[in-house]
Amino acid sequence: MTLRLTNTLTRRVEEFRPLEPGKVSIYCCGVTVYDLCHLGHARSYIAWDVLRRYLIWSGYAVTFVQNYTDIDDKILNRAAEEGSSMEAVSERNIDAFVADMARLNILPADRMPRATRSLDAIRALIGELEAKGAAYSADGDVYFAVMKHAGYGKLSGRDLEQQQDNAAGRVATEEEARKQHPFDFALWKGTKPGEPSFPSPWGAGRPGWHIECSAMVREELGNTIDIHLGGADLVFPHHENEIAQSEAATGQELARYWLHNGMVNVGGQKMSKSLGNFTTIRALLDSGVSPMTLRLFTLQAHYRKPLDFTAEALEAAATGWKGLNAALSLVASASATATATPPAQLSPELAATRARFAAAMDDDLNTSAALAVLFELAKPLRSLANRLERGDTAAAAEATSPALAAQGQLLLELAGVLGLQPETFDAAQASESGPNDAEIEAQIAARQAAKATRNFAEADAIRAALQAQGIELIDKPGGLTEWLRS
RNA sequence: GGCGGCAUGGCCAAGUGGUAAGGCAGAGGAUUGCAAAUCCUUUACCCCCAGUUCGAAUCUGGGUGCCGCCUCCA
């Protein structure tokens with residue numbers, strides 16, 4: 001089996017064949033750094049992280065480039081609001097982006113170009129387009145002429161004649177007057193008072209959004225790349241325009257495969273900054289939702305489908321992750337202490353399981369089916385982990401079984417392909433608020449004393465009080481009580 | 001108005017012709033002072049209508065509902 005991916009360009013599921021055997025070049029549209037990232041971004045970048053990890057696991061050498069759009073109206077507006085500068089807003093949000101992605105265990109891109117550092121490439125590209133007659137300047141702006149480019153609309157399947165001009169009602173009329181065609185878009189915007197600007201042959205100004213990506217793709221990866229990634233909301237106009245610009249300039253295909261992820265919805269509506277219905281990644285993680293829970297939550301659905309964000313679904317993912325994590329943690333700790341060495345070769349059963357995982361992933365990244373394989377592998381390990389905790393001697397013997405060790409190692413490996421890794425509770429972070437360990441232990445001792453005298457009312461009251469502070473008690477056989485912050 | 005997509009059990013969600021994965025919740029059981037946690041067992045004819053077929057959630061036609069995009073957007 002080979003990897004098959006849904007290509008927006010052809011609207012079909014196609015076998016993936018890289019330009020160069022064994023190598024994959026990927027460009028992923030990054031964020032405009034005017035604010036913190038929300039769950040929509042998390043979903044998108046988790047999906048692409050999984051694609052990347054799977055390609056690497058499959059043996060490809062992957063070059064992954066993701067940009068930052070660090071000059072844009074929204075960044076300037078934000079800077080004006082807070083009385084700072086474009087650079088300050090951008091830097092702060094780039095730092096936040098890096099931190100958020102790291103928490104979600106998303107591999108950093110190999111290179112992360114920024115629009116403001118790619119101006120030479122941008123100006124060069126605009127110059128080429130102008131020389132070829134694909135662009136024209138008007139009052140300090142430079143526009144791309146969509147009617148001059150045959151094939152405009154091929155990605156989004158649009159016929160310009162049938163589109164409602166300005167259907168969203170967001171176009172500034174003064175800009176409209178300078179365009180030859182309503183769908184022409186700015187490559188270069190003439191400077192405005194009080195805004196940062198950069199010199200160019202067309203006068204001082206700044207680049208348009210679409211040209212940034214075309215220029216950065218070419219500068220970082222060349223004229224034609226294997227895979228171009230982005231959210232479904234970027235298909236039109238952003239990616240359509242990117243294709244038009246790049247292909248008009250080079251005469252070569254920009255990207256062979258275009259992949260788009262579905263939106264995260266809230267109450268049936270797309271989560272977006274402009275609608276204000278968003279939850280930021282850090283707000284969610286800081287509220288106690290674990291990064292792996294969020295990963296599991298997004299990977300349970302297919303990447304192309306819309307994903308409805310609800311508290312209930314997230315809670316289900318959290319419980320699901322708890323079980324998977326129990327198995328993974330057991331394997332991780334067992335590997336650390338090396339109680340059993342897995343056989344060098346996989347058993348036929350495990351090899352088949354591994355093949356089913358790969359088949360699921362090959363099928364347009366069917367992570368939902370791949371997760372089912374993980375849960376299946378985890379089941380006996382979860383069971384073992386629990387029996388070990390209960391002091392089951394038979395379980396201790398089983399734990400040293402090479403066959404089980406092999407199963408554990410396979411689980412760890414496949415979970416890693418999905419970016420899922422064992423998660424341990426961060427006691428240091430949580431103890432910043434609430435009772436400290438000694439206080440908790442004292443309460444537990446008091447409860448033990450109450451139980452010893454069969455004063456269950458008192459014992460339950462202590463348990464409830466701790467529960468209210470987020471401390472969960474787990475009674476073990478033999479009168480032992482463990483606790484954890486939940 | 002145009003383009004694209006979706007509709008599977010209480011919730012989330014796989015499954016593209018051969019008799020419904022998985023997760024969560026629920027139910028029963030084990031365990032427990034009672035719980036929690038954990039373990040075991042268990043729960044669906046797939047939006048509607050018509051058609052193709054020996055056989056359809058899966059293909060065709062029609063209908064209904066919902067979502068995304070049509071120059072802010074992952």
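Every chain is numbered from 1, with letters handed out A, B, ... down the list of sequences.
At a threshold of 4.0 angstrom between heavy atoms, the contacts of A:Tyr45 are confined to the sugar-phosphate backbone, with no base atom among them. Contacts of A:Ser156 with the nucleic acid, taken as non-hydrogen atoms under 4.0 Å apart, involve only primed sugar atoms and P, OP1 or OP2. Nucleic acid contact class of A:Val264 (heavy atoms, under 4.0 Å, all strands): base. Here A:Asn241 lies out of heavy-atom contact (under 4.0 Å) with every strand. Across all strands, A:Arg12 comes closer than 4.0 Å to no nucleic acid atom at all (heavy-atom distances). Contacts of A:Gly268 with the nucleic acid, taken as non-hydrogen atoms under 4.0 Å apart, involve only primed sugar atoms and P, OP1 or OP2. Using a 4.0 Å heavy-atom distance criterion, A:Asp233 is classed as a base contact. At a threshold of 4.0 angstrom between heavy atoms, the contacts of A:Asp308 with the nucleic acid are absent. At the heavy-atom level, A:Phe236 lies under 4.0 Å from the strands shown only through sugar-phosphate atoms. At a threshold of 4.0 angstrom between heavy atoms, the contacts of A:His38 include nucleobase atoms, whether or not backbone atoms are also involved. Residue-level contact check: A:Ala301 touches the backbone only, with heavy atoms under 4.0 Å from sugar-phosphate atoms and none from bases. Within 4.0 Å (heavy atoms only), A:Gly153 reaches no atom of the nucleic acid at all. Residue contacts shown for A:Leu234 are limited to sugar-phosphate atoms, with no base heavy atom under 4.0 Å away. A:Lys379 comes within contact range of the sugar-phosphate backbone alone, with a heavy-atom separation under 4.0 Å but no base atom that close.
Atom OH in A:Tyr34 sits roughly 11 Å away from atom C1' in B:A74 (whole-Å rounding). Rounded to whole Å, atom P of B:C67 lies 12 Å from atom CG of A:Leu275. Look at NZ on A:Lys322: it is 14 Å from C1' on B:A25, rounded to the nearest Å. Rounding to whole angstrom units, CD of residue A:Glu312 and P of B:C24 are separated by 13 Å.
Closest approach to the A:Phe183 side chain among B:C70, B:A14, B:G33 is made by B:C70 (side chain taken as heavy atoms from C-beta onward). Taking only side-chain atoms of A:Ser383, from C-beta outward, the nucleotide of B:A21, B:C12, B:C39 with the closest atom is B:C39. With B:G22, B:C11, B:C34 as the candidates, the nucleotide lying closest to the side chain of A:Asp460 is B:C34. In the set B:C70, B:A21, B:C73, the nucleotide with an atom closest to the side chain of A:Arg158 is B:C70. For A:Arg447, counting side-chain heavy atoms from C-beta on, the closest listed nucleotide (B:A14, B:G4, B:G33) is B:G33. Distance from the side chain of A:Gln269 is smallest to B:G68 among B:G68, B:A74, B:C39. Comparing B:A21, B:A36, B:C73 by their closest approach to the side chain of A:Ser272 singles out B:C73.
Side-chain to base pairing of A:Lys270 with B:C73: one donor and one acceptor N or O lie within less than 3.5 Å of each other. Judged by atom type and distance alone, A:Asp475 does not reach the base of B:A37 through any side-chain donor-acceptor pair under 3.5 Å. Counting atom types as modelled, A:Arg463 pairs no side-chain N or O with a base atom of B:A36 as donor and acceptor under 3.5 Å.
Judged purely by atom type and a 3.5 angstrom limit, A:Thr298 uses its side chain to pair as donor or acceptor with the backbone of A:Arg295. Without hydrogens or angle criteria, A:Asp70 side chain to A:Thr116 main chain gives a donor-acceptor distance under 3.5 Å. Between the side chain of A:Arg304 and the main chain of A:Thr6, no donor-acceptor pair closer than 3.5 Å is present. Under a 3.5 Å cut-off, the side chain of A:Tyr257 and the backbone N or O of A:Glu15 do form a donor-acceptor pair.
For A:Tyr143 and A:Trp188, the ring centers are positioned 6.0 Å apart or more.
Contact check of residues 69-81 of chain A against RNA chain B (heavy atom, cut-off under 4.0 Å) returns A:Lys74.
Comparing B:A25 with B:U31, their P atoms sit 22 Å apart, to the nearest whole Å. Comparing the P positions of B:A27 and B:A37 gives an interatomic distance of 12 Å, to the nearest angstrom. Separation of the P atoms belonging to B:U8 and B:C3 is 25 Å when rounded to the nearest angstrom.
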Practice task
Under the side-chain hydrogen bond (donor to acceptor under 3.5 Å, both in side chains) rule, what do A:Trp483 and A:Gln443 come out as? Steps first, then yes or no, please.
Solution key: CA-CA 11 Å; A:Trp483 60 273; A:Gln443 287 299 303; over 6 Å; no

Practice task
Let me see the working for A:Lys189 and A:Asp72 under salt bridge (charged side-chain N to carboxylate O under 4.0 Å, His left out), right down to the final yes or no.
Solution key: CA-CA 11 Å; A:Lys189 298 177 179 182; A:Asp72 169 270; over 6 Å; no

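A:Phe236 carries A:Arg158 over the face of its six-membered ring, with the cationic atom under 6.0 Å from the centre and within 45° of the normal. The cationic group of A:Lys179 does not satisfy the cation-pi geometry with A:Phe185, failing either the under 6.0 Å distance to the six-membered ring centre or the 45° limit from the ring axis.
Between B:C39 and A:Arg382, a contact under 4.0 Å exists linking OP1 or OP2 to a side-chain N or O. In terms of phosphate contacts, A:Lys305 brings no side-chain nitrogen or oxygen within less than 4.0 Å of OP1 or OP2 of B:C12. OP1 and OP2 of B:G68 both lie 4.0 Å or more from every side-chain N or O belonging to A:Asn265.
Ring geometry for A:His260 versus A:Trp258: interplanar angle under 30°, hence parallel rather than tilted (30 to 60°).
Closest-nucleotide positions on RNA chain B for A:Ala459 and A:Thr319 were compared, and the one nearer the 5' end corresponds to A:Thr319.
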